[in-house]
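Counting begins at 1 with the first residue of the sequence.
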Amino acid sequence: MSDKKYVIGIDFGTESGRALLVEVATGREIAVAVHPYANGVIDEKLPGTDIRLEPDWALQDPNDYLEVLKHAVPAVLQQSGVDPADVIGVAADFTACTILPTTRDGTPLCFLPEYRNRPHAWVKLWKHHAAQPEANKLNQIAAREGYDFLPRYGGKISSEWFVPKVWQMLDEDPEIYAAADRIIEAADWIVWQMTGVEKRNLTTAGYKSIWSKRHGFPPKAFFRALDPRLENLVDEKMTRDIYGFGTKAGELTSQAAAWMGLRPGTAVAIGNADAHAAVPAAGVSEAGRMVIIMGTSNCHMLLSEDDRIVPGMCGCVEDGIIPGFFGYEAGQACVGDHFAWFMETCAPASYTQEAAAMGVSLHDLFEAKAAALKPGESGLVALDWWNGNRSVLVDVDLTGAIVGMTLATKPEEIYRALIEATAFGTRVIIEAFEASNVAVHEIVASGGLPDRNRLLMQIYADVTGRPIKVAGTKQGGAFGSAMHAAVAAGEAAGGYATIQEATRAMAWLRDEQYTPNPAAKAIYDELFAEYKQLHDYFGRGGNDVMKRLKALKVRVLKD
């Protein structure tokens, strides 16, 4: 043992899980290891079978999560040479809402041979959108019956969230629903596997499961109105006991400790959602500073001392991000995925060859070419709905569009227009906050994209008209989880009493900052006006062509 103490944050993402070892006193990142999921995102057919999934499904294999514990955590210990006795805490965060059905002891139903070939027995990933019919019915019933929780979620419950996904399971495979003793967020399930104790976290309960600190879950009458078989969902398959993050969930069992190479009895924090964990990791524990976690999607996190109704938000939860504040969440469902789609499907072979000849990545080549363009030069404007719209329209049936294409349009112009579209989507979200008197003074960026694309960061500053700072860590979720692990371990073990104390001691910002360019901002104001017209025309019922085309696609594929 040494005088130095360490914590481990484990971030379970969409394609992989990563473990990060952090020194408690300084926030210094000691080692990181990434373990890819063997089955990745399951969206075509179940592994090892010919069973095809319908459109908008997205599943995962919970065994992939266990493999992260067994490989990524031992890897950071091996890299660092840190004595496991000096690791005082572990915490995990997850994409949300990601849920799975289990037996009473936590065994996933998809682990059981009799249910292995049943899609509803598997994990439903956050971007599983096939529960949209259930979400639509839920919103209609909640509005008709006068339930007051809808405004807390921007007026709509998303198909990505807990109740619509559970209801879809009940609708399409009631035997799986009946067999599920528990239906649980993956963030809570992985903590259960580490500690042997089932405890559910406040963040996913509040943002994804229609729970509030003041009112709890909706009454049984609401669930009965959805479907009489759902009346006792909370008491039979969930729990009313909810725990705030930073709370100690339990301690590593002997089995989990053996998997991870740690000592039994090591403190384990309550689970968390990835974007919410990243806020203190960005050095933010006060109101008015928006943290944008920029990756495959964008999550916009904001603290306020006031409880406001903001149309189109993903949720407003008391103590949902930092204790003592109302935590607001908004988001864009397609950002990094947007650019990856373009590279995979639209990049000409000549550009691929040029990048190879220069010894740079295709992304780097496109960034350089797009950076040489002036705002407005391409004559293009795009809608960033390649994976639906999360905020402020809350509609997964919306799709992408590019307006202004000609025979002279160049690939880099399309690429830049896609970046600008995501920046315009962020501006819509910021303006919605400000219209509801929730201030956004500056932006702190976190996630993978700020490290890879300086052009993107400058465009966001120019479009929003706000300075953008960058979180010191490149591992927002994992670092934030490590901070919560230090709080769960407590002062006596060498950790911290509160997440605010951990933020002051451990988090830091980089020296670089992106400042809005007034001339670019003026052009982007004009382009944003065009974007907003398209946004409202296609997104607010002026023309539902996107939904009609999507419905036609589904009908043709089913025939």
Side-chain angles (χ1 to χ4, degrees), residues 9 11 20 22 26-27 29 91 93 96 202-203 206-207 244-246 269 272-295 298-308 310 313-332 391 426 429-430 433-434 438-451 457 460-461 464 466-487 496-515:
D11 174 47
L20 178 67
V22 180
T26 64
E29 298 180 18
D93 66 87
L202 182 152
T203 301
Y207 289 97
F245 43 73
N272 206 342
D274 51 358
H276 305 71
V279 173
V284 172
S285 58
E286 71 278 11
R289 301 173 71 200
M290 174 179 279
V291 177
I292 308 181
I293 299 89
M294 308 176 78
N298 271 0
C299 289
H300 306 72
M301 318 302 294
L302 187 63
L303 302 175
S304 175
E305 295 174 352
D306 302 314
D307 183 8
R308 305 283 187 187
V310 184
M313 296 305 101
C314 300
C316 173
V317 177
E318 187 175 1
D319 297 342
I321 302 174
I322 297 291
F325 293 92
F326 289 90
Y328 294 86
E329 176 189 354
Q332 293 166 272
S391 298
T426 284
I429 290 168
I430 291 173
F433 276 121
E434 296 215 309
V438 180
V440 182
H441 301 306
E442 71 172 16
I443 296 169
V444 181
S446 181
L449 288 181
D451 294 315
M457 299 305 298
Y460 270 61
T464 64
R466 285 166 175 76
I468 300 180
K469 298 178 180 178
V470 181
T473 180
K474 298 179 181 180
Q475 318 289 344
F479 193 95
S481 287
M483 294 169 69
H484 284 102
V487 177
Y496 297 99
T498 67
I499 191 62
Q500 287 90 340
E501 288 182 16
T503 301
R504 289 191 291 270
M506 299 175 71
W508 55 284
L509 296 175
R510 299 183 205 177
D511 293 335
E512 63 189 299
Q513 177 174 314
Y514 297 87
T515 303

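Atom CG of Leu302 is separated from atom CE of Met313 by 9.5 Å, given to the nearest 0.5 angstrom. Ser446 contributes atom OG, which lies 6.0 Å from atom CD1 of Ile293 (distance to the nearest 0.5 angstrom). For the atom pair Asp451 CG and Met457 CE, the distance stands at 9.5 Å (nearest 0.5 Å). Note that SG of Cys314 is 8.5 Å distant from CE of Met301, once rounded to the nearest 0.5 Å.
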Please step through side-chain contact (heavy atoms from CB on, under 4.5 Å) for the pair Val22 and Phe479, ending with a clear verdict. CA-CA 8 Å; Val22 180; Phe479 193 95; 4.0 Å; yes
Report the C-alpha distance between Arg308 and Glu434 in whole Å, list the side-chain angles of each, state the deciding distance to 0.1 Å, and finish with yes or no for salt bridge (charged side-chain N to carboxylate O under 4.0 Å, His left out). CA-CA 11 Å; Arg308 305 283 187 187; Glu434 296 215 309; over 6 Å; no
Would you please test Val440 and Arg466 for side-chain contact (heavy atoms from CB on, under 4.5 Å) and show each step? CA-CA 9 Å; Val440 182; Arg466 285 166 175 76; 3.9 Å; yes
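Without hydrogens or angle criteria, Ser304 side chain to Val438 main chain gives no donor-acceptor distance under 3.5 Å.
Among residues two or more places apart in sequence or in another chain, the side chain to side chain donor-acceptor pair (under 3.5 Å) test is passed with Tyr514 by Arg454, Glu512. Every ring-ring contact (aromatic ring centres under 6.0 Å, His included) that Tyr328 has, sequence neighbours left out, goes to Phe433. With sequence neighbours excluded, no residue forms a side chain to side chain donor-acceptor pair (under 3.5 Å) with Thr515. The salt bridge (Lys or Arg N to Asp or Glu O under 4.0 Å) test applied to Asp307 returns no partner, not counting sequence neighbours. Thr203 pairs by the side chain to side chain donor-acceptor pair (under 3.5 Å) definition with Asn272, not counting sequence neighbours. In terms of the ring-ring contact (aromatic ring centres under 6.0 Å, His included) criterion, residue partners of Phe245 (sequence neighbours excluded) are, by chain and number, His484. The side-chain contact (heavy atoms from CB on, under 4.5 Å) test applied to Thr426 returns Ile292, Asn298, His300, Gln332, Ile430, Tyr460, Thr464, not counting sequence neighbours. Partners of Asp11 according to the side chain to side chain donor-acceptor pair (under 3.5 Å) rule, which considers only residues two or more places apart in sequence or in another chain, do not exist here.
Nearest heavy atom pair, residue Leu202 against residue Gly244, reads CB-CA, 4.0 Å. In terms of heavy-atom proximity, Pro450 sits nearest to Gly447 at CD-O, 3.4 Å. Of all non-hydrogen atoms in Ser481 and Gly9, the two that sit nearest each other are CB-CA, 3.8 Å. Taking both residues in full, the closest heavy atoms of Cys316 and Tyr207 are given as N-CE2, 4.4 Å, listed atom of the first, atom of the second, then distance. A pairwise comparison of heavy atoms in Ala497 and Val487 identifies O-CG1, 3.9 Å as the closest pair.
A side-chain contact (heavy atoms from CB on, under 4.5 Å) with His276 is found for exactly one of Val317, Ile321, Asp93, namely Ile321.
For residues 273-283, no residue pair satisfies the salt bridge (Lys or Arg N to Asp or Glu O under 4.0 Å) rule, not counting sequence neighbours. The side-chain hydrogen bond (donor to acceptor under 3.5 Å, both in side chains) analysis of residues 498-507, with sequence neighbours excluded, yields no pairs.
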Distance-only donor-acceptor hits, side chain of residues 468-478, under 3.5 Å, sequence neighbours excluded:
residue : atom : partner : partner atom : Å
Thr473  : OG1  : Glu29   : OE2          : 2.6
Thr473  : OG1  : Gln475  : N            : 2.9
Gln475  : OE1  : Arg18   : NH1          : 3.0

Under 3.5 Å, sequence neighbours excluded: what are the donor-acceptor pairs made by side chains of residues 277-289?
residue : atom : partner : partner atom : Å
Glu286  : OE2  : Arg289  : NH1          : 2.7
Arg289  : NE   : Glu442  : OE2          : 2.7
Arg289  : NH1  : Gly283  : O            : 3.4
Arg289  : NH2  : Glu442  : OE2          : 3.3

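Side-chain atoms of Glu318 and Phe325, non-hydrogen and from C-beta on, never get closer than 4.5 Å to each other.
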